[in-house]
Amino acid sequence: MANTRCLVSAPLGARVTLVPSRRRVKVRVGIGGKNVADRETPEDRLGGYVDMLRQASATGRRLTRTELESRRAEGQLAAETGLPLRGLIRDHLAAAQSVRTRSQAPLLAVVEQAVDAFVEGYERSQRQAVRQEEAARREFIDDLLYGRSGLGLLAERAERFGLRLSQAHAVAVAAGPEPYGDGYPVARRIEEAVLGRFGNRHILLATKDGSLICVAPGDQPDVLAYFAKQAHAATDGGRVAIGRSHPGPGGVVHSYEEALNALDLAERMGLEGPVLHACDLLVYPVLSRDRQAMADLVESVLGPLHQARGGHKPLLDTLTAYFDSGCVATEAARRLSLSVRALTYRLGRIHTLTGADPADPADRYTLQTAVIGSRLLGWPDATA
């Protein structure tokens, strides 16, 4: 083996064993104690290739279907073994120089066929590996976000994708005007920006149900803040919700659900702002926890507004604008494009119909809670 040269490319952490034989060196690549493949050195592996070139170029024929398929199979095996394609092509070209023929034209044509078939097999193996990796990643993301796998097994699989589920994690969900999808330019641009900024910080980015998801360690809020900034900038009118940090494998599911609920609340409540934090919206789940009690309150307090000329909606919109503006009449009037006098008249009608005075602190709380409840429940349409 003194004059033997052997170039081996093996997966990280693989055990590589050189087994000497009488005429050749076999390369055995193993991971975790198991053999992946027994492959010969380039010189031996290209032996059949050289004979193929000689036979074909001598008669001027093209390679047969069987010969081409053998080169594809060799390319596929080379990819599975982890050998670099550039070096393999160089080996093919170097081997072709040893073939002596009267005319170079037939030889070059056969070399082109053989190398093309070899590369095709190599790329086919790589595409298959990518598809398998994407399928495994998609399955892991589904199990992670929905908690459909055992926590121990989930934590073990997470290491493969750069997550340490023993730590606390928080999840951000970005929803844009158009659905996100794997490979979409917008999603790819956001992912490149985040990973380019923070590198390998145990971050996971994925798409799910048309939304873009970012999972990050709970002690790194700057990652999710930057993700939210990039997602909002990349979409015209996109919105991002960030769940709270929770520990353990189940913490990712909890934070993800909080982010989804925050987006839903923002839609129903008409909340403003491109970024929503679940920790700032905890009052709404509390108010809607007893749905029947809330429905009773809304109907009892706001039901009399149906008696108003023009229906309940103008007066309900008046209350919404009044409370959203901090009970400042001039600001509420501006939002409704009304004069202050017209706004004051509407508030007086609300007092008359409901018996509750929006200007009175005691009544104001009841009215405001009922208004929030009407938005949460979609009153009166959803409760009809």
Side-chain angles (χ1 to χ4, degrees), residues 138 141-148 163 168-191 193-194 203-218 220-246 249-291 294 298 320 323-324 369 371-379 381-383:
R138 174 56 55 191
I141 290 170
D142 289 344
D143 291 344
L144 177 67
L145 297 180
Y146 293 133
R148 294 187 302 206
L163 294 183
H169 286 82
V171 180
V173 179
E178 300 293 333
Y180 292 99
D182 290 333
Y184 280 33
V186 172
R188 190 165 57 248
R189 198 158 59 242
I190 296 170
E191 182 176 5
V194 173
I203 304 168
L204 177 66
L205 290 105
T207 59
K208 183 64 180 172
D209 298 331
S211 298
L212 187 61
I213 313 296
C214 181
V215 182
Q220 298 180 22
D222 55 327
V223 174
L224 296 183
Y226 185 77
F227 167 80
K229 179 180 178 181
Q230 292 298 315
H232 178 66
T235 59
D236 184 13
R239 176 174 276 178
V240 182
I242 301 176
R244 293 179 297 166
S245 173
H246 297 282
V252 175
V253 180
H254 195 173
S255 184
Y256 174 62
E257 290 176 347
E258 286 183 341
L260 289 180
N261 290 335
L263 288 174
D264 180 60
L265 275 172
E267 184 69 24
R268 287 188 287 159
M269 299 295 297
L271 301 179
E272 299 179 354
V275 182
L276 306 164
H277 294 268
C279 59
D280 298 333
L281 305 175
L282 293 177
V283 66
Y284 297 111
V286 172
L287 291 175
S288 61
R289 189 161 297 165
D290 191 336
R291 184 181 180 88
M294 178 59 74
V298 171
T320 300
F323 293 132
D324 287 350
T369 303
V371 169
I372 292 173
S374 71
R375 294 160 79 177
L376 287 172
L377 301 177
W379 180 89
D381 298 330
T383 57

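Counting from 1, the numbers follow the sequence of the chain as shown.
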Apply side-chain contact (heavy atoms from CB on, under 4.5 Å) to the pair Arg291 and Leu376, showing each step before the final yes or no.
CA-CA 9 Å; Arg291 184 181 180 88; Leu376 287 172; over 6 Å; no
Among pairs that include at least one residue of residues 262-276, which meet side chain to side chain donor-acceptor pair (under 3.5 Å), considering only residues two or more places apart or in two chains?
Asp264-Arg268
Considering all heavy atoms, the nearest Gln230-Ala193 contact
OE1-CB, 3.7 Å
Would you indicate whether the side-chain heavy atoms of Leu265 and Leu276 approach each other to under 4.5 Å?
no
Can you tell me if Ser255 uses its side chain to pair, donor with acceptor, with the backbone of Gly251 under 3.5 Å?
no
Heavy-atom closest pair (Ala168 atom, Ser245 atom, distance to 0.1 Å) is CB-OG, 3.4 Å
In terms of heavy-atom contacts, Val171 and Val252 come closest through CG2-O, 3.6 Å
With rounding to the nearest 0.5 angstrom, report the CD to CG distance, Glu258 to Leu263.
12.5 Å
Are Leu205 and Phe227 close enough, and set up right, to give a side-chain contact (heavy atoms from CB on, under 4.5 Å), and what steps lead you there?
CA-CA 10 Å; Leu205 290 105; Phe227 167 80; 4.0 Å; yes
Residues passing the salt bridge (charged side-chain N to carboxylate O under 4.0 Å, His left out) test with Asp209, sequence neighbours excluded, are none
With no hydrogens and no angle check, is any side-chain donor or acceptor of Thr207 less than 3.5 Å from a backbone partner on Leu212?
no
Would Leu281 and Met269 count as a side-chain contact (heavy atoms from CB on, under 4.5 Å) if you check the C-alpha gap in whole Å, the side-chain angles of each, and the deciding distance to 0.1 Å?
CA-CA 11 Å; Leu281 305 175; Met269 299 295 297; over 6 Å; no
Those residues that, when tested against Tyr226, pass ring pair (Phe, Tyr, Trp, His ring centres under 6.0 Å) (two or more places apart)
Phe198
Starting at NE2 of His169, measure out to CD of Gln220 and round the result to the nearest 0.5 Å.
8.5 Å
Would you check if His232 and Val275 make a side-chain contact, meaning some heavy-atom pair closer than 4.5 Å?
no
Heavy-atom side-chain proximity of Val215 to Ile141 below 4.5 angstrom
no
Roughly how far, to the nearest 0.5 Å, is CG of Asp142 from CG of Leu144?
9.5 Å
Shortest non-hydrogen contact from Arg189 to Ala234?
NH2-O, 4.0 Å
Can a donor-acceptor pair be found, under 3.5 Å and without considering hydrogens, that links the side chain of His277 to the backbone of Ile242?
no
Heavy atoms only: give me the nearest Leu377-Val298 pair and the separation to one decimal.
CD1-CG2, 4.5 Å
Closest non-hydrogen atom pair between Val253 and Leu145, with its separation
CG1-O, 3.5 Å
